[in-house]
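Predicted model, so just to flag it, every value in this text is computed and none were measured. A note on names: the letters A, B, ... follow the listed sequences, proteins ahead of strands, and every chain is numbered from 1.
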Protein chains: 2
Amino acid sequence: MATLQNIKVAVDAVVFGYKDKTLNILLIKRNIAPYKNSWALPGGLVLENESLEKAVERELKEETNVTVDYLEQLYSFGKPDRDPRNRVVSITYFALVKPEHHTIKADTDANDVAWFDINKLPELAFDHKEIINIAKKRLQGKLTYEPIGFDLLNTKFLFSDLEKLYMTILQKQIDRRNFRKKILSFNILEELDERVSEGRGRPANLFKFNKKQYFKHKKDGFLFDIK
Amino acid sequence: MATLQNIKVAVDAVVFGYKDKTLNILLIKRNIAPYKNSWALPGGLVLENESLEKAVERELKEETNVTVDYLEQLYSFGKPDRDPRNRVVSITYFALVKPEHHTIKADTDANDVAWFDINKLPELAFDHKEIINIAKKRLQGKLTYEPIGFDLLNTKFLFSDLEKLYMTILQKQIDRRNFRKKILSFNILEELDERVSEGRGRPANLFKFNKKQYFKHKKDGFLFDIK
DNA sequence: ACAAAAGTGTTGTCCGTACACCCATGT
DNA sequence: ACATGGGTGTACGGACAACACTTTTGT
């Protein structure tokens with residue numbers, strides 16, 4: 001082989017949160033070159049003896065103070081020139097959090113951290129815009145065949161929240177009656193004996209996702225599927 | 001940071017071929033430690049200035065003499081101890097070939113290369129068994145919502161070939177009449193004016209996959225979908 | 001003439017979709 | 001009493017699943 005390989009391995013995370021009826025992404029402001037003062041995905045180099053998942057979790061904790069509710073590998077990026085300094089292969093992750101459960105906090109390095117509406121993103125460092133696009137597609141796809149929407153809502157939620165979340169992420173109208181009928185038919189929700197009034201209008205019932213029940217049904221061959 | 005990072009980046013490929021009515025995987029016999037003389041997935045370290053895809057294609061050409069018909073990234077593996085020598089992160093790929101279009105040939109290093117029935121795999125090096133399991137699931141999934149089965153058949157094929165391929169990979173019975181009706185309704189096949197006799201029985205018509213037509217329909221919102 | 005594989009149509013069921021009115025509360 | 005959001009049932013149509021007989025060839 002011509003030369004010894006010297007490629008760095010990094011991880012980056014696309015963290016989604018659903019806030020104020022919009023889909024948000026967690027970004028940090030870089031305080032080192034290159035792309036100093038640009039916004040970027042949280043992430044960094046993998047340590048010598050840590051797994052990829054651990055690396056993501058560590059970087060997220062360090063840079064944003066967030067612990068994720070759902071994490072899965074997204075895709076790996078390795079174009080030779082994606083980092084201007086030296087070659088970096090980045091293994092990216094897809095994560096979901098319940099924003100109200102966490103207080104984001106910038107690093108000691110005085111970076112900034114913030115949630116951005118996915119439709120109002122700033123300029124991004126490296127190829128991070130492309131990574132986000134892929135993550136968005138993954139989210140839209142997964143939402144239809146796995147019950148991951150619940151990882152974006154509070155533990156107790158209104159049916160209308162779930163409905164709005166689906167409409168926001170899938171970017172289409174959904175019929176309220178058919179949607180409720182479908183979801184309820186899966187028998188994976190617990191209807192709580194609590195009602196909440198959203199200012200005006202009839203108070204709505206709170207629901208809880210019953211994960212255990214979901215896995216039981218899944219083992220029996222049931223398929224979660226929302227058009 | 002504690003120590004400088006020294007992680008190697010490799011690529012490995014799970015290459016599927018459909019031969020003799022069975023699903024096969026392309027393996028090489030290692031001739032260096034560790035796992036000397038074990039069977040393993042083709043792959044190797046990424047060169048300093050080559051993209052990940054190029055690395056896979058180069059390794060496949062070098063180690064097996066195969067050029068793939070379909071290639072996509074599968075998953076990345078990075079447990080700290082997956083390679084006993086030093087830390088290697090492997091970005092794995094999922095590939096399809098038409099076996100009859102290629103002559104496999106072992107490396108100058110006198111490795112061996114062979115197709116293995118996926119149900120009769122030998123012991124495998126590293127975590128390659130796990131990688132193959134994930135690739136198999138990907139293949140089963142993709143087959144139902146993208147027309148990738150055609151990348152495993154000859155350019156001209158019989159309907160019964162397609163049908164058997166689906167039954168073999170999905171491991172279930174398929175009704176011949178409903179299957180044919182469904183596929184034909186997609187309007188992505190060309191019926192050729194050639195018949196082939198398979199020894200005994202009524203000669204069958206040859207078909208060709210019309211990829212252009214497929215992409216045209218796809219742009220118009222058509223979805224390939226086989227239950 | 002028989003064995004083997006290819007080719008083809010109809011019917012019932014279920015699921016998805018479309019759609020509108022009443023209910024409980026706050027102001 | 002009115003405005004606002006919550007909760008619910010029915011009817012139609014299309015897609016999928018189940019199912020069996022005829023055709024063409026080789027032996």
Step by step, work out the salt bridge (Lys or Arg N to Asp or Glu O under 4.0 Å) result for D117(A) and K19(A). CA-CA 9 Å; D117(A) 182 331; K19(A) 288 180 62 180; over 6 Å; no

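- A cation-pi arrangement is found for R180(A) relative to F159(A), the charged atom lying closer than 6.0 Å to the ring centre and inside a 45° cone about the ring normal.
- Here the P atom of nucleotide dA6(C) and the CG atom of D161(B) are 9 Å apart, to the nearest Å.
- Phosphate contact (OP1/OP2 of dT25(D), side-chain N/O of S197(B), threshold under 4.0 Å): absent.
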Collect all protein-nucleotide pairs involving nucleotides 22-24 of chain C in which both atoms are nitrogen or oxygen and the distance is under 3.5 Å.
unit_1: dC23(C); atom_1: O4'; unit_2: R202(A); atom_2: NH1; d: 3.4
unit_1: dC23(C); atom_1: O2; unit_2: R202(A); atom_2: NH1; d: 3.3
unit_1: dA24(C); atom_1: N3; unit_2: R202(A); atom_2: N; d: 3.4

Would you tabulate the pairs of protein nitrogen or oxygen atoms and nucleotide nitrogen or oxygen atoms of nucleotides 15-17 of chain D closer than 3.5 angstrom?
unit_1: dC16(D); atom_1: OP1; unit_2: K182(B); atom_2: NZ; d: 3.3

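- Rounded to a whole Å, the CD1 atom of I183(A) is 14 Å from the C1' atom of dG16(C).
- Rounded to whole Å, atom C1' of dA6(C) lies 16 Å from atom CZ of F157(B).
- Annotation: the span from I25(B) atom CD1 to H128(B) atom NE2 amounts to 12.0 Å, rounded to 0.5 Å.
- R177(A) comes within 4.0 angstrom of a base, heavy atoms only.
- For E198(A) and dG7(D), the CD to P distance is 11 Å, given to the nearest whole Å.
- One interatomic measurement links the two molecules: CG of L184(A) to C1' of dG9(D), which rounds to 14 Å at whole-angstrom precision.
- For F94(B) and F16(B), the ring centers are positioned less than 6.0 Å apart.
- Residue D175(A) is in base contact, counting any heavy-atom pair closer than 4.0 Å across all strands shown.
- Between F186(A) and F224(A), the ring-plane angle classifies as tilted under the 30° and 60° cut-offs.
- Annotation: side chain to side chain donor-acceptor pair (under 3.5 Å) contacts of N37(A) (sequence neighbours excluded): none.
- As a whole-Å value, the separation of R176(B) CZ from dG9(C) C1' is 14 Å.
- Note: NZ (K164(A)) to C1' (dG6(D)) measures 11 Å, nearest angstrom.
- Salt-bridge formation is detected for the pair R82(A)/D127(A): a Lys NZ or Arg NE/NH1/NH2 atom is positioned less than 4.0 Å from an Asp or Glu carboxylate oxygen.
- The side chain of R180(B) contributes an N or O atom lying less than 4.0 Å from OP1 or OP2 of dG7(C).
- Note: F222(A) and Y214(A) have perpendicular aromatic rings, judged against thresholds of 30 and 60 degrees for the angle between ring planes.
- Closest to the R200(A) side chain, of the nucleotides dG7(C), dG6(D), dG5(D), is dG5(D).
- Summarising the geometry, the separation between CG on L158(A) and P on dG6(D) is reported as 7 Å, rounded to the nearest angstrom.
- For the pair K211(B) and D151(B), the minimum side-chain heavy-atom distance is below 4.5 Å.
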